[in-house]
Asker: 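One structure coming up, written as structure tokens, with questions to follow.
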Protein chains: 2
Amino acid sequence: MITADSTKILKFLFEEELLSEIQKVSQLQKVPKGEIMIDVGEQVKFIPILLEGAIKIVREDESGEEVLLYYVEFGNTCAMTLNCCLENSTSEIRAICEKDTSIIMVPVSFMDKWLVNYRSWRNFIFQNYQDRLNEMLKAIDSLTFLKLDERLRNYLKEKSKVADDSTLEVTHLDIATDLNSSRVVISRLLKQMENEGEVSLGRNTIKIKY
Amino acid sequence: MITADSTKILKFLFEEELLSEIQKVSQLQKVPKGEIMIDVGEQVKFIPILLEGAIKIVREDESGEEVLLYYVEFGNTCAMTLNCCLENSTSEIRAICEKDTSIIMVPVSFMDKWLVNYRSWRNFIFQNYQDRLNEMLKAIDSLTFLKLDERLRNYLKEKSKVADDSTLEVTHLDIATDLNSSRVVISRLLKQMENEGEVSLGRNTIKIKY
DNA sequence: TGGGAGGTGTAACAGATGTTACATCCATAA
DNA sequence: TTATGGATGTAACATCTGTTACACCTCCCA
């Protein structure tokens, strides 16, 4: 059970009746920046809907190497997570809070009933599957068709959009991890970009110039 | 309208009543091997369900470079296509018949109604979204974490599985296109694999040895 | 029968990315 | 203040992948 106020900001997504159902059965969770919300191999038994903040979704292989898949933002849920809710399997991905974040957690058991009863719920679920598929496609495009320097540019742009700030607090190693590259390579490319006047670099900060 | 026989082989997926609805409103389409079923930028107004054969799904960028995403086989549909059915947008991908193929084409307009009325339809749709997301994840893993030689091995294995034949009819150029690489590189790697006894090569054929 | 198109083999080279090694700088805790 | 760990800069080199060029083969059609 959560307060009616929490759900009110989702009223652009769901009708009044569904909102009050959500309010009755869900829990509110606040997770601070940097914390791991869901890790690879964990069971997930709730559908997370993001009220505030942003979540970074990354994929990890057996040897511990990572790659960033996409971000989940306000009013969205993570379809990769729906996946393992429904199949009762474990998470294929890691979800890390990119900012301080509030989430509504809806028990999986309501999924099917609401699909039948609420058109807005159906729309919500399908819209999310579609968005996630499109994000995955973007990731594949980037990995397949772009050189690392272009991937880096896109990464910085995207991260700056999510943070809503043209100055990023991030280390070269962080970036290397997200792009599955190495720190030296990222430093090299960033220095090049600085020389071209695209960014200015400082300790733990990158300022993007337009 | 199609024959009842055509839908009967889907009875492991749908209940009797839904099967007869599908039969009433759908069309059967046969597409020969090699033909493009759906191309990038096309409108799609039906949900394709595969009765027979296999379909290769590839992504293309602006400059005409390609990469193979995954195969769709018997009893499945292509969630990337559902995508553009529902959004009324155009296809982000190209679907090419890998074998002679029969498809049931269900008009999009029934999608929502059946979601409400048939649990088996809901399961079908969600299972397909999940399968596609997992395929996309596999593609990302492969692109991110594997060297080209391993990607090539996986490619040959997968293609042989879909063809149900350990001898593939394929040129080095075909493979290079699917993996977004170049013919010379693929020839080089294949020759290496032949020297290691993993495959034997002939004109237009690759035989996989275990 | 001759010739062209497409498929394959191979060498030499180029460019992008990853690795290793080491220097320096900064922030902070002891 | 000093010591320590993390962040960054840079050089030298290794490796993987792509490119260009050319030879030769097979198939098929004019």
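In what follows, chains are A, B, ... by sequence order, proteins preceding strands, each numbered from 1. Values in this document were obtained by computation on a predicted structure and should not be read as measured data.
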Asker: List, one per line, each side-chain donor-acceptor pair under 3.5 Å for residues 23-38 of chain A, sequence neighbours excluded.
Answerer:
unit_1: A:Q23; atom_1: NE2; unit_2: A:I2; atom_2: O; d: 3.0
unit_1: A:S26; atom_1: OG; unit_2: A:I22; atom_2: O; d: 2.8

Asker: Taking the side chain from A:T101 and the backbone from A:K99, do they hold a donor-acceptor pair closer than 3.5 Å?
Answerer: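 Yes; judged by distance alone, with no hydrogens or angles, the pair exists.
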Asker: Quick one about A:D61 and A:S63 (side-chain donor to acceptor, distance below 3.5 Å, no hydrogens or angles considered), yes or no?
Answerer: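 A donor-acceptor contact under 3.5 Å links the two side chains.
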Asker: Using whole Å, what does the distance between atom C1' of nucleotide D:dT10 and atom CG of A:L190 come to?
Answerer: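 Taking CG of A:L190 and C1' of D:dT10, I get 14 Å after rounding.
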Asker: Taking atom C1' of D:dC16 as reference, at what distance in whole Å does atom CD of B:E150 sit?
Answerer: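 Result: 14 Å.
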Asker: Looking at residues at least two apart in the chain, or sitting in another chain, which of them share a ring-ring contact (aromatic ring centres under 6.0 Å, His included) with B:F126?
Answerer: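 Here the qualifying residues are A:F126, A:Y129.
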Asker: At what angle, to 10 degrees, do the two end axes of the helix from C:dT1-D:dA30 to C:dA30-D:dT1 meet, given five pairs define each axis?
Answerer: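 Rounded to the nearest 10 degrees, the bend comes out at 10°.
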Asker: Send over the distance from B:L152 CG to D:dT17 P, rounded to a whole Å.
Answerer: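 Distance, rounded to whole Å: 11 Å.
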Asker: Using heavy atoms and a sub-4.0 Å distance, could you list which residues of residues 58-68 of chain A are near DNA chain D? By number, please.
Answerer: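 Those residues whose heavy atoms fall under 4.0 Å from DNA chain D, taken from residues 58-68 of chain A, amount to none.
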Asker: How long is the line joining CG of B:D174 and C1' of C:dT8, in whole Å?
Answerer: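 Answer to the nearest Å: 13 Å.
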Asker: Starting at atom CG of B:L201, determine the distance to atom C1' of C:dG7, rounded to an integer number of angstrom.
Answerer: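 So the two atoms are 12 Å apart, to the nearest Å.
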Asker: List the residues meeting side chain to side chain donor-acceptor pair (under 3.5 Å) with A:D141, not counting sequence neighbours, and say none if there are none.
Answerer: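 By the side chain to side chain donor-acceptor pair (under 3.5 Å) rule, A:D141 matches B:R59.
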Asker: Within the 3.5 Å criterion, strictly below it, is a donor on A:T171 or A:D174 matched to an acceptor on the partner's side chain?
Answerer: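 Yes, A:D174 and A:T171 have a side-chain donor paired with an acceptor closer than 3.5 Å.
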Asker: Within residues 136-146 of chain B, which residues have any heavy atom lying less than 4.0 Å from an atom of DNA chain D?
Answerer: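 The answer is none.
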Asker: Got a sec, which pairs hit ring-ring contact (aromatic ring centres under 6.0 Å, His included) with one end in residues 91-111 of chain B, sequence neighbours left out?
Answerer: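 For residues 91-111 of chain B, and leaving out neighbouring residues, the ring-ring contact (aromatic ring centres under 6.0 Å, His included) pairs sorted by first residue read B:F110-B:W114.
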Asker: Does A:F14 have any ring-ring contact (aromatic ring centres under 6.0 Å, His included) partners at least two apart in sequence or in another chain, and if so, which?
Answerer: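 With neighbours one apart ignored, the set is A:W121, A:F124.
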Asker: How many whole angstroms separate atom CG of A:L189 from atom C1' of C:dA16?
Answerer: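 One finds 10 Å between C1' of C:dA16 and CG of A:L189, rounded.
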Asker: What string of B, S and - do you get for nucleotides 19-27 of chain C, 5' to 3', when a contact is any protein heavy atom under 4.0 Å?
Answerer: BBB----BS
Asker: Under the side chain to side chain donor-acceptor pair (under 3.5 Å) definition, can you give me all pairs with a residue in residues 65-77 of chain B, not counting sequence neighbours?
Answerer: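 Every side chain to side chain donor-acceptor pair (under 3.5 Å) pair that includes a residue of residues 65-77 of chain B, provided the two are not neighbours, is B:E66-B:R94, B:N76-B:N128.
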Asker: Looking at the side chain of A:N204, which of D:dA7, C:dG18, C:dG7 is the nearest nucleotide?
Answerer: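 It is D:dA7.
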Asker: Roughly how many Å is it from CD in B:Q192 to C1' in D:dT15, rounded to a whole number?
Answerer: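 Interatomic distance, CD of B:Q192 to C1' of D:dT15: 13 Å.
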Asker: Which residue pairs pass the side chain to side chain donor-acceptor pair (under 3.5 Å) test with at least one member in residues 190-199 of chain B, sequence neighbours excluded?
Answerer: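 Of all non-adjacent pairs touching residues 190-199 of chain B, those that pass side chain to side chain donor-acceptor pair (under 3.5 Å) are B:R153-B:E198, B:K191-B:E194.
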Asker: Identify every side-chain donor-acceptor pair in residues 47-54 of chain A under 3.5 Å, counting partners at least two apart or on other chains, and give the distances.
Answerer:
unit_1: A:E52; atom_1: OE1; unit_2: A:S102; atom_2: OG; d: 2.9

Asker: Given atom CG of B:L179 and atom P of D:dC16, what is their separation to the nearest angstrom?
Answerer: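 Atom CG in B:L179 sits about 17 Å away from atom P in D:dC16.
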Asker: Mind checking whether A:L152 and A:D149 have side chains closer than 4.5 Å, heavy atoms only?
Answerer: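 When only atoms from C-beta onward are counted, A:D149 and A:L152 do not touch, as no gap falls below 4.5 Å.
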Asker: Which nucleotide wins on minimum distance to the side chain of A:K147, given the candidates C:dG9, C:dA16, D:dT10?
Answerer: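 Of C:dG9, C:dA16, D:dT10, C:dA16 is nearest to the side chain of A:K147.
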Asker: How about B:V170 and B:D178: do any of their side-chain heavy atoms sit closer than 4.5 Å?
Answerer: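 Result no, sub-4.5 Å side-chain heavy-atom pair not found.
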Asker: Applying salt bridge (Lys or Arg N to Asp or Glu O under 4.0 Å) to B:E135 and B:K138, what does each step give before you reach the verdict?
Answerer: CA-CA 5 Å; B:E135 299 281 1; B:K138 254 175 50 188; 3.7 Å; yes
Asker: Which nucleotide sits closest to the side chain of A:K191: D:dT10, C:dG9, D:dC16?
Answerer: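 Of D:dT10, C:dG9, D:dC16, D:dT10 is nearest to the side chain of A:K191.
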